[in-house]
Student: 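Okay, handing you the structure first.
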Amino acid sequence: MLLSKILNSVSVVQVVGNPEIIEINKITIDSREAQKGSIFFALKGLKTDGHKYIQQAVSNGVSTVVLEDENPNVDRL
């Protein structure tokens, strides 16, 4: 499914890149499972904060990151 189709049904604060051409085939909250074609959700949990693992997800080739908090460095990822 195209990322643009997914974004149509949620409230979006900021989009970096072109969601019209990004194909999504997997959703994960585990940065170790992140790969090309997946969305990584960086969520705050009871034991850890997913925002700590954004760089690992990006290094693994994730196509999209959804943040719970604002991240001023997101444009540099």
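Since the model is a prediction, treat every value here as computed from it, not as a measurement.
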Student: Test T64 against every option in I6, I24, L7 by the side chain to side chain contact (heavy atoms under 4.5 Å, CB included) rule and name the one that passes.
Tutor: I24
Student: Report the distance from atom CG of N25 to atom NZ of K36, rounding to the nearest 0.5 Å.
Tutor: 10.0 Å
Student: What is the minimum heavy-atom distance between E33 and K26, and which atoms define it?
Tutor: O-NZ, 3.4 Å
Student: Under 3.5 Å, side chain of N60 to main-chain N/O of V62, donor-acceptor pair present?
Tutor: no
Student: Sequence neighbours left out, what passes salt bridge (Lys or Arg N to Asp or Glu O under 4.0 Å) with K44? Give chain and number order.
Tutor: D69
Student: Please report the interatomic distance CG(L3) to CD1(I39), rounded to the nearest 0.5 Å.
Tutor: 5.5 Å
Student: So, using side chain to side chain donor-acceptor pair (under 3.5 Å) as the criterion, who are the partners of S31 when residues are at least two apart?
Tutor: Q56
Student: State the CZ-CD1 distance between F40 and I27, to the nearest 0.5 angstrom.
Tutor: 13.0 Å
Student: Mind listing the closest non-hydrogen atom pair of S63 and I22 along with its distance?
Tutor: CB-CG2, 3.8 Å
Student: Could you pull out all residues at least two apart from E20 that satisfy side-chain contact (heavy atoms from CB on, under 4.5 Å)?
Tutor: S4, N18
